[in-house]
**Q** 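Starting off with a structure, shown below.
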Amino acid sequence: MSNIIEINDLDAPFLDAYLRLTENRLRNRLEPQKGIFIAESPKVIDVAVKEGYEPISFLMEKRHIINDARDIISKFPHVPVYTSEREVLEKITGYTLTRGVLAAMKRPALLNFEEICKNAGRIAVLENVVDATNIGAIMRCAAALDIDAVLLNPTCCDAFNRRAIRVSMGTVFQIPWTYICSTQKEWEKEGIDRLHALNFKTAAMALRDDTVSIEDKRLINEEKLAIILGAEGHGLSKNTIACCDYTIKIPMANNVDSLNVASAAAVAFWELRKR
């Protein structure tokens, strides 16, 4: 393993991706082909590698070089492995690395939303969901509960955000996802129409009196259904709800009026899955 590099200087440029670059700079919106993302833990990195993602560098505790990360490193003998003891890495990341292994990986070009929805029967569409934990949890639910694709509107948190990837446990690399529109104005004006043009019926999840139950048989029987979920706290916009074919809600007990968006997504994905 000739590419093992001991960290002696926290200001070293090769640590920029792990230490100094913001999520937006990692994403590199101006030149997406140069963008990268950070994957954490051997399990998550292994999922990414199996799905064809390419590491640029690794960062890990010394003990993992011959233990948890040995197999991953052996697949990429020319990729640099930056290493030190746990105390030094805590200074870099700002927290204890319980899994002890990070990888900077090349960000792929996003697919066109029409491509990933072409043969889909059930998709999730997220509007203004900005919390990385919720994005990651929704991705994991979508992968587990047989959703064919996930679409994000322009103001959603990046699904390749470091925390979103970690919470998704790598499922964000397995389920097709992309942005449905390039600007918020475009989403507000054309977003739902674009789904209708692909023959999807649209179901907006909202807390309103004029809803149908999520158990309504018409929903289950739809050949192509887009389940649309809104932002934490505010929910979907009035415009989005007005443009959808259905407004649906989850029946709840004990005067509970709502669920966290990721929890609501899990219930909806299971109940509205294709039989």
Side-chain angles (χ1 to χ4, degrees), residues 23-24 27 29 110 112-114 116-117 120 122-139 141-142 147-161 163-164 167 172 175-216 218-219 222 224-252 256-269 271-272:
E23 287 290 344
N24 278 343
R27 186 176 178 179
R29 292 193 181 196
L110 288 174
N112 181 279
F113 86 95
E114 293 170 328
I116 68 172
C117 293
R122 293 290 182 270
I123 64 172
V125 183
L126 309 184
E127 178 183 83
N128 307 339
V129 178
V130 298
D131 184 85
T133 298
N134 283 333
I135 290 287
I138 291 169
M139 288 290 181
C141 292
I147 294 296
D148 298 310
V150 177
L151 302 181
L152 310 180
N153 89 322
T155 59
C156 281
C157 172
D158 177 23
F160 278 171
N161 172 283
R163 181 161 181 79
V167 172
V172 69
I175 188 164
W177 71 272
T178 193
Y179 289 91
I180 183 171
C181 296
S182 57
T183 66
Q184 185 67 6
K185 184 177 290 187
E186 187 179 36
W187 161 253
E188 293 169 357
K189 185 177 180 181
E190 304 175 14
I192 303 302
D193 287 342
R194 291 185 178 187
L195 296 170
H196 286 151
L198 295 177
N199 297 317
F200 281 96
K201 292 293 186 178
T202 50
M205 297 195 70
L207 300 172
R208 289 170 40 136
D209 294 331
D210 59 343
T211 59
V212 298
S213 170
I214 197 171
E215 299 168 310
D216 193 299
R218 290 175 296 171
L219 295 164
E222 292 289 1
K224 294 170 74 70
L225 185 67
I227 304 163
I228 305 177
L229 299 113
E232 306 87 348
H234 299 292
L236 292 170
S237 69
K238 291 181 180 179
N239 178 67
T240 295
I241 295 170
C243 292
C244 286
D245 301 295
Y246 301 98
T247 304
I248 61 175
K249 68 178 178 181
I250 300 168
M252 286 180 276
V256 176
D257 62 357
S258 64
L259 296 173
N260 166 273
V261 64
S263 299
V267 174
F269 296 165
E271 183 63 36
L272 300 175

**Q** Take V129 and L229 through the test side-chain contact (heavy atoms from CB on, under 4.5 Å) and record every step on the way to the result.
**A** CA-CA 8 Å; V129 178; L229 299 113; 5.5 Å; no
**Q** Between P154 and S182, which heavy-atom pair has the shortest distance, and what is it?
**A** CG-C, 3.9 Å
**Q** Between L272 and R122, which heavy-atom pair has the shortest distance, and what is it?
**A** O-NE, 2.6 Å
**Q** Could you measure the distance from the CD1 atom of I192 to the SG atom of C244? Nearest 0.5 Å is fine.
**A** 4.0 Å
**Q** I need the minimum non-hydrogen distance between I147 and A124, along with the two atoms involved.
**A** CG2-N, 3.7 Å
**Q** For S237, does its backbone N or O pair with a side-chain atom of E127 as donor and acceptor, under 3.5 Å?
**A** yes
**Q** Quick one, Y246 and T211 - any side-chain contact, counting heavy atoms below 4.5 Å?
**A** no
**Q** Could you measure the distance from the OH atom of Y179 to the CG atom of D158? Nearest 0.5 Å is fine.
**A** 4.5 Å
**Q** Check for a donor-acceptor pair, side chain of T247 on one end and backbone N or O of A204 on the other, with a separation under 3.5 Å.
**A** no
**Q** Which atoms form the tightest heavy-atom contact between A159 and V172, and what is the distance?
**A** O-CG2, 3.5 Å
**Q** Calculate, to the nearest 0.5 Å, the distance between atoms CD1 and CG belonging to I248 and L225 respectively.
**A** 7.0 Å
**Q** Hey, are the side chains of E222 and D245 touching, using non-hydrogen atoms and a 4.5 Å cut-off?
**A** no
**Q** Are any non-hydrogen side-chain atoms of R163 and C157 less than 4.5 angstrom apart?
**A** no
**Q** Determine whether more than 12 heavy atoms belonging to other residues, nucleotides or ligands lie under 6.0 Å from atom NZ of K224.
**A** yes
**Q** Looking at every non-hydrogen atom in both residues, tell me the closest pair between S213 and L219 and how far apart they are.
**A** O-CD1, 3.5 Å
**Q** Check whether any side-chain heavy atom of N153 sits under 4.5 Å from a side-chain heavy atom of V125, and report yes or no.
**A** no
**Q** Which residue, L151, L126, T240, I123, forms the side-chain contact (heavy atoms from CB on, under 4.5 Å) with I228?
**A** T240
**Q** Write down the atom of C243, the atom of H196, and the distance for their closest heavy-atom approach.
**A** O-CE1, 3.3 Å
**Q** When rounded to the nearest 0.5 angstrom, what distance separates CD in E190 from CG in L195?
**A** 11.5 Å
**Q** Go through it in stages, so that I can follow the logic: the residues are L198 and F113, the test is side-chain contact (heavy atoms from CB on, under 4.5 Å), and I'd like the CA-CA distance, side-chain angles, deciding distance and then a yes or no.
**A** CA-CA 10 Å; L198 295 177; F113 86 95; 3.6 Å; yes
**Q** Roughly how far apart are N260 CG and I138 CD1, rounded to 0.5 Å?
**A** 7.5 Å
**Q** Could you tell me whether the side chain of I135 reaches within less than 4.5 Å of the side chain of N161, counting heavy atoms only?
**A** no
**Q** I need the N128 CG to H234 NE2 distance, nearest 0.5 Å.
**A** 9.5 Å
**Q** State, with a plain yes or no, whether a side-chain heavy atom of M205 is found less than 4.5 Å away from one of V261.
**A** no
